[in-house]
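To start, the structure under review is shown below, and the notes come after it.
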Amino acid sequence: MAKTRNFIHELVEKDIQEGKNTGRVHTRFPPEPNGYLHIGHAKAICLDFGTAEKFGGKCNLRFDDTNPTKEDVEYVDSIKEDIKWLGFDWEDRLYYASDFFDRLYDFAEQLIQEGKAYVDDQPADLISQQRGTPTKPGVESPYRKRSAEENLDLFRRMKAGEFKNGARVLRAKIDMTSPNMHMRDPLMYRINHAEHHRTGNKWCIYPMYDFAHGQCDYFEGITHSLCTLEFEIHRPLYNWFIDQLATDDYRPRQIEFSRLNLTYTMMSKRKLLYLVENDFVSGWDDPRMPTLSGMRRRGFTPESIRSLVEKVGITKTEGTIDVALLEHAVRDDLNKTAQRVMGVLNPLKVVITNYPEDKVEMVQAINNPEDESAGRRDVPFTRELYIERDDFMEEPPRKFFRLSPGKEVRLRYAYYVTCNEVIKDEAGEICELRCTYDPETRGGNSPDGRKVKGTLHWVSATEGVKAEIRLYDRLFNVENPAGEKEKEFTELLNPESLKVLPDCFVEPFLRSAKPLDQFQFERMGYFNIDKESTEEKLVINRTVTLRDNWSKQMNK
RNA sequence: UGUCCCAUGGUGUAAUUGGCAACACGUCUGGUUUUGGUCCAGAAGAGUCUAGGUUCGAGCCCUAGUGGGACAACCA
């Protein structure tokens with residue numbers, strides 16, 4: 001983040017040069033605790049914390065908890081965890097909008113006394129009607145001219161709990177004819193007899209977003225309030241309230257940027273919640289979810305997510321990022337760090353007929369060719385092995401470098417083997433291959449210098465470990481599910497987004513692996529250990545495949 | 001019949017007015033390779049939504065148009 005520059009950094013820089021807010025830079029990340037954070041939030045987090053860091057300022061974490069009926073501590077906890085995991089630190093600056101409920105209330109009374117706010121007794125639908133439309137001005141409420149005394153009395157009784165939900169609201173008195181709907185006497189407080197996750201039953205009136213956000217920024221000393229484009233139209237109102245509140249030159253400034261969209265995924269918290277509640281996915285941390293907890297479980301690294309955010313930049317144009325860029329970001333990171341290992345997803349048995357029956361021989365394998373310090377490990381080689389089903393073809397096409405009848409290939413780090421016989425079951429399915437090995441080729445090189453084109457991964461059938469491997473594909477079948485207006489979004493789900501392979505085999509090295517540990521299965525992709533994995537049953541997620549030029553060729 | 005925002009290769013971003021537009025991903029070639037991975041070398045692909053204007057000179061400034069988006073929740 002420190003390297004890149006964007007229009008927001010330019011504006012901040014200008015503010016500093018002009019000496020605004022005494023040259024301070026103080027940002028905030030303000031999630032509502034009503035759902036789990038997703039990769040779209042990661043963009044905001046990186047921007048908020050990254051901007052502060054770049055200019056030697058600070059960034060607060062503030063929970064925007066003004067709507068108790070939708071919010072929950074479960075979300076608070078997950079949000080904190082996800083931000084830390086991403087690599088950011090709010091230090092001692094953890095706030096809640098609810099911390100400021102008293103000050104907000106006092107400010108509301110102030111506005112009432114100044115004749116800038118009034119209590120409206122009308123029901124929601126009437127108020128909505130009177131608001132007009134974007135093209136037609138609104139009309140004033142009959143309660144607009146109430147005296148400050150009456151307003152104050154009513155507002156205090158609202159606070160005291162005298163009225164039921166929806167009976168009255170507090171409105172700012174601005175301009176019912178404004179072309180900006182948000183300036184047409186916006187609601188400041190509504191009555192909601194609900195228990196709040198922090199303030200309990202102290203309040204039965206809660207401030208609306210517009211009456212809370214900017215002021216909280218002000219109370220916290222925020223200088224740059226960065227948010228997504230949909231709040232652009234709120235900015236005049238944001239400034240209006242701040243102007244009523246401010247006692248000197250200090251002003252927080254709202255700047256908007258476009259949110260992150262990814263192809264084949266959906267960022268709506270509401271819709272993600274729907275998927276969770278209706279069991280379309282296993283939970284907020286289902287590895288197919290674009291949530292940070294889901295991506296973490298799937299095997300994405302914080303580095304890869306930060307790298308993606310860096311690559312996409314910050315602008316006001318609304319675009320959609322190709323998931324391929326995300327995939328590149330993980331591969332790029334994992335390639336440098338992931339322990340290499342061999343695992344067979346779709347096992348095909350191979351018997352080395354000229355290899356001793358009970359022999360277990362250790363061959364040495366490199367742990368990470370990109371990192372010499374990762375060292376080496378021993379992998380057991382035996383007479384009976386598994387190889388990938390896709391690595392054998394009875395009638396191979398041109399340029400098929402893998403195994404086929406009569407052909408010789410290298411088993412990685414072990415020996416050259418030649419296929420002599422194909423065994424099939426009654427159904428005609430290939431169920432076993434009989435091969436011979438060349439004892440002279442131990443380690444994978446032949447003393448006579450003969451070359452083999454193909455190198456296959458393998459796992460000992462007797463020493464290997466069985467595992468369940470879960471393969472994930474895009475959650476949605478269409479590039480832009482949010483843009484599909486005709487169909488219900490659940491109809492756009494990819495029915496094949498999860499494939500469970502119960503009978504995979506991995507090398508014994510994986511026995512000591514713990515949840516979240518990451519590996520590259522050579523030639524197959526990047527994988528990690530799932531949280532459901534136990535000593536009895538190894539459960540592994542595929543994060544992403546390796547780039548695969550061969551399958552690209554085959555598809556042409 | 002409003003206000004505001006946006007518009008650069010397939011995608012996402014650059015370009016402090018003045019060298020027929022740069023980078024990343026993706027795509028395609030070729031090389032290296034005990035991962036058809038990585039790495040290396042190279043290629044194709046836009047003339048900057050349109051029309052005017054300002055200027056010696058405009059992707060950058062102005063105007064109009066076109067296209068897309070936001071705004072009418074007691075949500076944030």
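Order of the sequence lines fixes the chain letters, A, B, ..., with proteins taken first and strands second; residue numbering starts at 1 for each chain.
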>> I want to know whether A:Phe100 and A:Phe219 have ring centres closer than 6.0 Å.
In response: yes
> Between B:rA72 and A:Ser128, is there an OP1 or OP2 to side-chain N/O distance shorter than 4.0 Å?
Replying inline: no
>> Using a heavy-atom cut-off of 4.0 Å across all strands, would you classify A:Asn34 as base, sugar-phosphate, or nothing?
In response: nothing
>> Give me the distance, rounded to whole Å, that separates B:rA15 from B:rC6 when you measure between the P atoms they each carry.
In response: 15 Å
> What about A:Glu370, does its side chain sit under 3.5 Å from the base of B:rG37 through a donor-acceptor pair?
Replying inline: yes
>> Quick check: any donor-acceptor pair below 3.5 Å linking the side-chain of A:His234 to the base of B:rA76?
In response: yes
> With side chains defined as the heavy atoms from C-beta onward, is the minimum distance between A:Tyr206 and A:Asn67 less than 4.5 Å?
Replying inline: no
> When you measure from the centre of the six-membered ring of A:Phe509, is the NZ or CZ of A:Arg377 under 6.0 Å away and within 45° of the axis?
Replying inline: yes
> Would A:Thr455 and A:Arg410 satisfy side chain to side chain donor-acceptor pair (under 3.5 Å), going step by step from the backbone distance to the final call?
Replying inline: CA-CA 5 Å; A:Thr455 301; A:Arg410 170 168 43 233; 3.2 Å; yes
> How do A:Thr69 and A:Phe7 order along RNA chain B: which one's closest nucleotide is nearer the 5' end?
Replying inline: A:Phe7
>> Please report the distance separating the P of B:rA21 from the corresponding atom of B:rG59, rounded so that it comes out in whole Å.
In response: 11 Å
>> At less than 4.0 Å, is any side-chain N or O atom of A:Arg190 found next to OP1 or OP2 of B:rA76? Yes or no.
In response: yes
>> Please give the distance between the P atoms of B:rU27 and B:rU38 as a whole number of Å.
In response: 10 Å
>> Using the ring pair (Phe, Tyr, Trp, His ring centres under 6.0 Å) definition, which of the options A:Phe381, A:Phe505, A:Tyr386 pairs with A:Trp458?
In response: A:Phe381
> Distance between the C1' atoms of B:rA44 and B:rG10, in whole angstroms?
Replying inline: 12 Å
> Taking only N and O in the side chain of A:His457, is any of them less than 4.0 Å away from OP1 or OP2 of B:rU35?
Replying inline: no
>> Counting only side-chain nitrogens and oxygens, does A:Arg270 get under 4.0 Å of the OP1 or OP2 atom of B:rC75?
In response: no
> With a 4.0 Å cut-off on heavy atoms, is A:Tyr189 in touch with a base, just the backbone sugar-phosphate, or nothing at all?
Replying inline: nothing
> Does the ring of A:Tyr105 carry A:Lys159 above it, NZ/CZ under 6.0 angstrom from centre and within 45° of its axis?
Replying inline: yes
>> Is there a side chain to side chain contact (heavy atoms under 4.5 Å, CB included) between A:Thr51 and A:His224? Walk through the geometry before answering.
In response: CA-CA 9 Å; A:Thr51 300; A:His224 299 272; 5.9 Å; no
> For A:Thr320, which contact category applies under a 4.0 Å heavy-atom criterion: base, sugar-phosphate, or nothing?
Replying inline: sugar-phosphate
>> Rounding to an integer number of angstrom, what distance separates B:rU32 and B:rA41 when you compare their P atoms?
In response: 15 Å
> Reading RNA chain B 5' to 3', how would its secondary structure be written in dot-bracket notation, given Watson-Crick and G-U pairs with both distances under 3.5 Å, brackets [ ] for crossing pairs and | for partners on other strands?
Replying inline: .((((((..((((....[...)))).(((((.......))))).....(((((..]....))))))))))).....
> Does A:Arg331 place a side-chain N or O at less than 4.0 Å from the phosphate oxygens OP1/OP2 of B:rC25?
Replying inline: no
> Does the B:rU35 base have a donor-acceptor partner in the side chain of A:Arg340 within less than 3.5 Å?
Replying inline: yes
> Given the P atoms of B:rG42 and B:rC4, what is the spacing between them in whole Å?
Replying inline: 50 Å
> Taking the same atom, P, in B:rU13 and in B:rU8, what whole-Å distance lies between them?
Replying inline: 9 Å
> Any donor-acceptor pair under 3.5 Å between the side chain of A:Arg402 and the base of B:rG36?
Replying inline: yes
> Distance check: side-chain N/O of A:Asn549 vs OP1/OP2 of B:rG37, anything under 4.0 Å?
Replying inline: yes
> salt bridge (Lys or Arg N to Asp or Glu O under 4.0 Å) with A:Arg62: which of A:Asp99, A:Asp217, A:Asp48?
Replying inline: A:Asp217
>> Does a side-chain N or O of A:Thr317 approach OP1 or OP2 of B:rU13 to a distance below 4.0 Å, or not?
In response: yes
>> As a test of the definition: with a 90° window around 0 for syn, would you call B:rG52 syn or anti?
In response: anti
> Within the structure shown, what part of the strands sits under 4.0 Å from A:Pro369 by heavy-atom distance: base, sugar-phosphate, or nothing?
Replying inline: base
>> Mind checking if A:Gln122 touches a base, just sugar-phosphate, or nothing, with heavy atoms under 4.0 Å?
In response: base
>> On the six-membered ring of A:Tyr96, is A:Arg198 placed so that its NZ or CZ lies under 6.0 angstrom from the centre and within 45° of the ring axis?
In response: yes
> Phosphate oxygens OP1/OP2 of B:rC74: is one of them under 4.0 Å from a side-chain N or O of A:Arg131?
Replying inline: yes
> When rounded to the nearest Å, what value does the distance between P atoms of B:rG45 and B:rC23 take?
Replying inline: 15 Å
>> For a quick check of understanding: with a heavy-atom distance under 4.0 Å over all strands, which category does A:Asp64 fall into, base, sugar-phosphate or nothing?
In response: sugar-phosphate
